[in-house]
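Here's the structure we're looking at; comments come further down.
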Amino acid sequence: MAVGFVIFGLTWLGVAVAAVVAMVVLTAGEVLYKTTATAHVLDAAPSHLVGQYQGLYTGAATSGAMLSAPLGGIVYAAAPGLLWPLCGVVAGVGALLALASARPAPSTRSRTRTRRHRHRRSHPRRRTRTIPTSRVSR
């Protein structure tokens, strides 16, 4: 998605062409990001808290999109040269907070065992009985 933002600055392409190409790249990045991010939230959530995790993720994503335009407009009106450096600082602080809050990932082996065990408990195998053909009524 960052590449899409950079393309907006390539004015030698022409403003209209740069805008169209940038929006195509941004849309592709968002499609790829959103599908994997929601799946990650679903995988990370305990089974009894899936709805709350999805709600928090959606609230965080939409509140950022909702608040960015008015806050960016206020900052730009007050100090136009400060907008993009401030955006960079906010993004850097967000990245550091995300890295600091990360839990260590469980080993692949233990996670696989847990998922298989849960699967067996929730869907036990049923043994099917075969009926001998001599008992089948004709």
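Here the structure is a predicted model, which is why all the values come from computation and not from measurement. We're numbering straight along the sequence, starting at 1.
At a threshold of 4.5 Å between non-hydrogen side-chain atoms, the residues Met23 and Leu26 count as touching. The closest side-chain heavy-atom distance from Leu97 to Val93 is below 4.5 Å.
Take Val41 and apply the side-chain contact (heavy atoms from CB on, under 4.5 Å) test, not counting sequence neighbours, and it matches Tyr53, Gln54, Tyr57. Residues that satisfy the side-chain contact (heavy atoms from CB on, under 4.5 Å) test with Ala61, not counting sequence neighbours, are Lys34. Here Leu56 pairs with nothing under the side-chain contact (heavy atoms from CB on, under 4.5 Å) rule; sequence neighbours left out.
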Donor-acceptor contacts under 3.5 Å from residues 65-87 side chains, at least two apart:
| from | atom 1 | to | atom 2 | distance (Å) |
| --- | --- | --- | --- | --- |
| Ser68 | OG | Gly64 | O | 3.3 |
| Ser68 | OG | Ala65 | O | 3.3 |

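Grouping Ile, Leu, Val, Met, Phe, Trp and Tyr by side-chain contacts under 4.5 Å, direct or through others, leaves Leu96 on its own. The other members of the hydrophobic cluster of Leu42, by chain and number, are Val50 (side-chain heavy atoms under 4.5 Å, ILVMFWY only).
Taking every heavy atom of both residues into account, Thr38 and Thr35 meet most closely at OG1-O, 3.2 Å.
The backbone N or O of Gly55 sits nowhere less than 3.5 Å from a side-chain atom of Thr58 that would complete a donor-acceptor pair.
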